[in-house]
Structures are given as C-alpha cells and as structure tokens.
Amino acid sequence: MRADVFLVESGHASTRSQAQRLIASGVEWRLGPGAPWTKVLKNGDDIPAGSELRLLDAAEARFVSRGGLKLDGALESLGLAVQGLQCLDVGQSTGGFTHCLLERGARRVVGVDVGHGQLHAQLRADPRVVCLEGLNARALTPEALQAAWEDAWSEPSAAAVEDDAEPDSPYRWMSGDGEVTDYDDSDDVSDDDVEADLARERGATVPAEPANRRRLKAWAGESTAPVFDLVTGDLSFISLTLVLPALVPLLAPGGHLLMLVKPQFELQPGQVGKGGIVRDASLYPVVEQRIRDCCASLGLEVRAWMDSPISGGDGNHEFFVFARRGA
C-alpha cells in the first residue's frame with residue numbers, strides 16, 4: 001500500500017496531505033520486532049500490510065491540520081490561557097484551530113465556515129464543538145449567528161412532523177356528572193416550558209426557538225448568546241479588514257482576538273508575485289499598518305504582531321495579530 005495512504009488507513013494521519021507532511025518529516029516501518037527499520041523516502045513507497053510505523057517527528061500529527069500548529073505556537077508565545085473560555089473559530093474548515101483550542105482546555109468552540117462538510121469527524125462528534133456551516137464571516141451578525149446556533153441545537157418539533165389532521169374524538173373524558181366530554185389541554189404546561197423556566201431560574205439566556213423547532217434535551221438551559229471570550233480565525237481569499245467589523249460585536253468586553261494574517265490577501269494584485277507568493281519583504285510593514293489601522297478604527301487595541309511559527313502551505317510568510325476589545 002502507498003505510504004501516504006497507509007498512514008491515513010492506520011490512523012497516524014487524518015488526511016493524505018497530512019500524511020505527506022509526516023513522511024517529509026521522517027517515517028520508518030518494519031515488519032515486526034527485531035526487524036530492521038526502513039525509511040519511507042517518498043509518498044508512493046510501498047509499505048506491507050501489518051507493518052509497524054515509527055514517526056521521527058510527530059508534530060504534524062498533533063492536530064487534524066497544520067493550522068493547529070500555527071495557533072498553538074502563537075498561544076504559547078503570547079502566554080495566553082484559553083482554559084474554560086467560550087471561543088469563536090472563524091473559517092473553521094478542517095478544524096485545526098478548533099482542535100488546538102480544545103486541547104488547551106477551551107470550554108466550547110463555535111466554528112463558522114462558508115463551506116460545508118469540511119470539519120474533521122473527530123471534532124464534529126465532540127459535544128464541545130458547534131459547527132455552523134454556510135455562513136459568510138463578512139456578513140455575520142450576532143442575530144444570524146445565534147439563529148444558526150439555535151438551529152444546530154434543535155430538532156423539528158412534534159407539531160412540524162406530526163399529521164395536522166384533527167382526530168375524530170380527541171381527549172374524550174368522563175365529566176363529574178357522568179357525561180362524556182372533550183378535554184381541553186390547551187392551557188397545560190409543556191415540558192419545554194418547564195425546562196425554560198428552570199433555565200431562567202439558573203440565570204441562563206433562553207432565546208426564542210426557531211419556528212417549528214425545539215431544543216434538543218442535551219442543550220436544554222444552555223445559552224446561545226453570541227458573546228465570546230476569544231475569537232480566532234484563519235481565512236483565505238478575503239482581507240481581514242472586510243471581516244473584522246463583523247467580528248468585533250461578537251467579542252465580550254475585554255475579550256481577545258487572535259487572527260492569522262495572510263499578506264497575499266491584504267495587498268493589491270500587482271504587489272503579489274507569481275503563484276500568489278509575496279516575495280517583497282518590504283510589503284510586510286504595509287500589511288501590518290493596514291491591519292493596525294483597521295483595528296484602531298474598530299476600538300481594538302493591538303497587543304502584539306508576530307510571525308506565524310510555520311509558513312503557509314504555499315510558502316507564504318504569515319503573521320498573527322493579537323488584539324483586545326475595550327471594556
């Protein structure tokens with residue numbers, strides 16, 4: 001079996017692209033204990049079924065995508081703790097940033113992406129993750145995010161799935177004087193109403209449910225208020241200056257924003273070289289100033305501007321901007 005396919009099939013890598021990066025970092029195989037190790041030289045090398053693998057550098061396998069390594073390095077450099085925080089991951093994609101935040105103890109990660117079906121199955125099944133697909137970050141509003149979140153935590157209500165036809169004799173009861181009457185239960189309290197009342201007593205925010213939808217019991221009493229302690233993001237084909245205005249209203253007062261900056265999407269086409277690579281390092285300060293000016297106009301205080309610990313997949317030099325919303 002091809003080496004890159006073998007790594008995916010054996011669970012050492014989530015995707016073939018990740019497997020290929022692991023192979024570039026060093027992978028060896030052997031047929032059993034005592035047998036000599038054979039180094040994988042290229043992605044198409046054959047590895048016999050049942051072979052034992054050894055990764056010479058397992059860093060690439062820590063997260064479902066290399067984006068997790070970028071964010072992990074930035075958080076480490078900043079000394080920023082995310083334990084117990086509610087985070088928003090914009091441009092969630094496969095989930096590298098989300099995976100990193102969870103590994104560092106985030107309480108919940110709400111992910112937004114314009115695409116569909118990209119999030120890794122491991123993360124999609126994690127109850128701490130809310131995956132909201134088909135949302136454009138540039139047009140994101142607190143109301144749209146909360147509506148999508150409510151929808152993700154809901155299911156069709158009984159009224160939406162049951163036959164609307166009225167039965168011939170519903171709820172027939174014997175009255176006190178022996179007459180058969182129809183019992184009217186329209187004033188009875190529903191289970192959902194009871195759950196909502198209990199949630200309010202606990203101080204939780206219980207927004208109106210979408211039409212013909214009801215909350216899943218697993219999330220009864222949980223708030224979907226679109227307020228986040230930390231907003232992270234890894235976006236392509238759009239300038240952050242077009243997205244940040246939509247993200248600031250989602251930040252809690254004093255909350256932090258940590259976004260990956262890709263210079264090729266912040267410059268004019270004539271400033272970007274062949275293959276979409278920014279080769280003129282003198283343009284990096286131009287990008288930085290543009291992002292700093294945008295943050296200042298939105299009431300964000302830039303706390304740090306730093307190099308990404310690893311370059312982009314296309315070879316571009318990337319950066320992180322770290323900012324705080326005023327109280």
Side-chain angles (χ1 to χ4, degrees), residues 67-82 85-93 96-97 100-101 104 112 114 136-142 145 226-273 276-327:
L69 293 173
K70 298 179 185 180
L71 183 61
D72 192 64
L75 292 172
E76 190 68 30
S77 295
L78 292 167
L80 182 64
V82 302
L85 300 187
Q86 175 161 284
C87 306
L88 177 66
D89 181 13
V90 185
Q92 188 176 41
S93 188
F97 276 25
C100 173
L101 292 169
R104 284 180 166 263
V112 170
V114 72
N136 188 327
R138 182 178 182 179
L140 198 60
T141 64
L145 190 149
V227 181
F228 300 92
D229 307 302
L230 174 65
V231 173
T232 66
D234 179 355
L235 297 167
S236 296
F237 306 107
I238 189 170
S239 168
L240 288 185
T241 61
L242 300 177
V243 176
L244 291 180
L247 301 184
V248 172
L250 303 172
L251 267 175
H256 291 96
L257 178 138
L258 182 57
M259 302 290 291
L260 186 67
V261 181
K262 301 180 177 181
Q264 66 270 36
F265 303 124
E266 305 297 339
L267 296 168
Q268 298 302 314
Q271 296 174 305
V272 180
I277 308 296
V278 179
R279 294 183 171 83
D280 185 355
S282 68
L283 292 173
Y284 296 151
V286 175
V287 173
E288 179 180 355
Q289 192 59 51
R290 185 182 186 194
I291 299 299
R292 284 182 177 274
D293 290 344
C294 178
C295 287
S297 71
L298 297 170
L300 292 172
E301 177 193 359
V302 174
R303 293 290 188 86
W305 176 274
M306 68 189 78
D307 294 340
S308 171
I310 56 177
S311 63
D314 57 5
N316 262 308
H317 192 137
E318 299 176 344
F319 304 88
F320 273 98
V321 60
F322 177 58
R324 179 181 181 273
R325 184 181 184 184

- prompt: Run the side-chain contact (heavy atoms from CB on, under 4.5 Å) check on V231 and C87 step by step: do they pass?
  reply: CA-CA 6 Å; V231 173; C87 306; over 6 Å; no

message: Test of understanding: with salt bridge (charged side-chain N to carboxylate O under 4.0 Å, His left out), list the residues that count as partners of D234, not counting sequence neighbours.
response: K262

task: Would you check if I238 and R138 make a side-chain contact, meaning some heavy-atom pair closer than 4.5 Å?
output: yes

- request: Drop me the distance from L247's CG to L88's CG, to the nearest 0.5 angstrom.
  value: 7.0 Å

field: Counterpart residues, side chain to side chain contact (heavy atoms under 4.5 Å, CB included), relative to P249 (two or more places apart)
entry: P142

message: Quick check: do Y284 and P263 have side-chain heavy atoms less than 4.5 Å from each other?
response: yes

- request: Check whether any side-chain N or O of R325 sits under 3.5 Å from a backbone N or O of P253 as a donor-acceptor pair, and report yes or no.
  value: no

Candidate pair L267 and V278, rule side-chain contact (heavy atoms from CB on, under 4.5 Å), full reasoning: CA-CA 9 Å; L267 296 168; V278 179; 3.9 Å; yes

- prompt: What's the shortest heavy-atom distance between V302 and C295, and which atoms?
  reply: CG2-CB, 3.7 Å

message: Would the distance check show the side chain of E266 and the main-chain N or O of L240 forming a donor-acceptor pair, the cut-off being under 3.5 Å?
response: yes

- prompt: Looking only at heavy atoms, which two atoms of L140 and A246 are closest? And how far apart?
  reply: O-CB, 3.4 Å

field: Those residues that, when tested against R292, pass salt bridge (charged side-chain N to carboxylate O under 4.0 Å, His left out) (two or more places apart)
entry: E288

- prompt: Does some side-chain heavy atom of D307 sit less than 4.5 Å from a side-chain heavy atom of H317?
  reply: yes

- line: Correct closest heavy-atom pair for A137 and V243 would be CB-CG1, 3.9 Å

field: Which residues share a side-chain hydrogen bond (donor to acceptor under 3.5 Å, both in side chains) with E76, sequence neighbours left out
entry: R104

- request: State which residues pass ring pair (Phe, Tyr, Trp, His ring centres under 6.0 Å) with F265; sequence neighbours excluded, sorted by chain then number.
  value: F237

message: D293: which residues meet the side chain to side chain contact (heavy atoms under 4.5 Å, CB included) condition with it, sequence neighbours left out?
response: Q289

task: Run the numbers on E318 and V261 for side-chain contact (heavy atoms from CB on, under 4.5 Å), then give the verdict.
output: CA-CA 6 Å; E318 299 176 344; V261 181; over 6 Å; no

message: Test of understanding: with salt bridge (charged side-chain N to carboxylate O under 4.0 Å, His left out), list the residues that count as partners of R303, not counting sequence neighbours.
response: E301

query: Heavy-atom distance under 4.5 Å between the side chains of L78 and L258, does that happen here?
result: yes

query: Taking only residues two or more places apart in sequence, or in another chain, which ones meet H256 in a ring pair (Phe, Tyr, Trp, His ring centres under 6.0 Å)?
result: F322

- prompt: Going by heavy atoms in the side chains, are L250 and L145 under 4.5 Å from each other?
  reply: yes

For the student: nearest non-hydrogen atoms of M306 and S77, plus distance: SD-CB, 4.2 Å

query: Side chain of D229, backbone of Q86: donor and acceptor closer than 3.5 Å?
result: yes

query: Is V90 close to L235 at the side-chain level, that is, under 4.5 Å between some pair of heavy atoms?
result: yes

- request: Could I get the full list of side-chain hydrogen bond (donor to acceptor under 3.5 Å, both in side chains) partners for T241, not counting sequence neighbours?
  value: S239

Partner set under side chain to side chain contact (heavy atoms under 4.5 Å, CB included) for V227, not counting sequence neighbours: A252

- prompt: Does the gap between the ring centers of F320 and W305 come in under 6.0 Å?
  reply: no

- prompt: Taking C-beta and beyond as the side chain, do R324 and L257 meet within less than 4.5 Å on heavy atoms?
  reply: no

message: Run the side chain to side chain contact (heavy atoms under 4.5 Å, CB included) test against I277 and tell me which residues pass, sequence neighbours left out.
response: R279, D314, N316

message: As a quick check of understanding, evaluate side-chain contact (heavy atoms from CB on, under 4.5 Å) for L230 and L101, giving each step before the final call.
response: CA-CA 10 Å; L230 174 65; L101 292 169; 4.0 Å; yes

message: So, using side-chain hydrogen bond (donor to acceptor under 3.5 Å, both in side chains) as the criterion, who are the partners of N136 when residues are at least two apart?
response: none

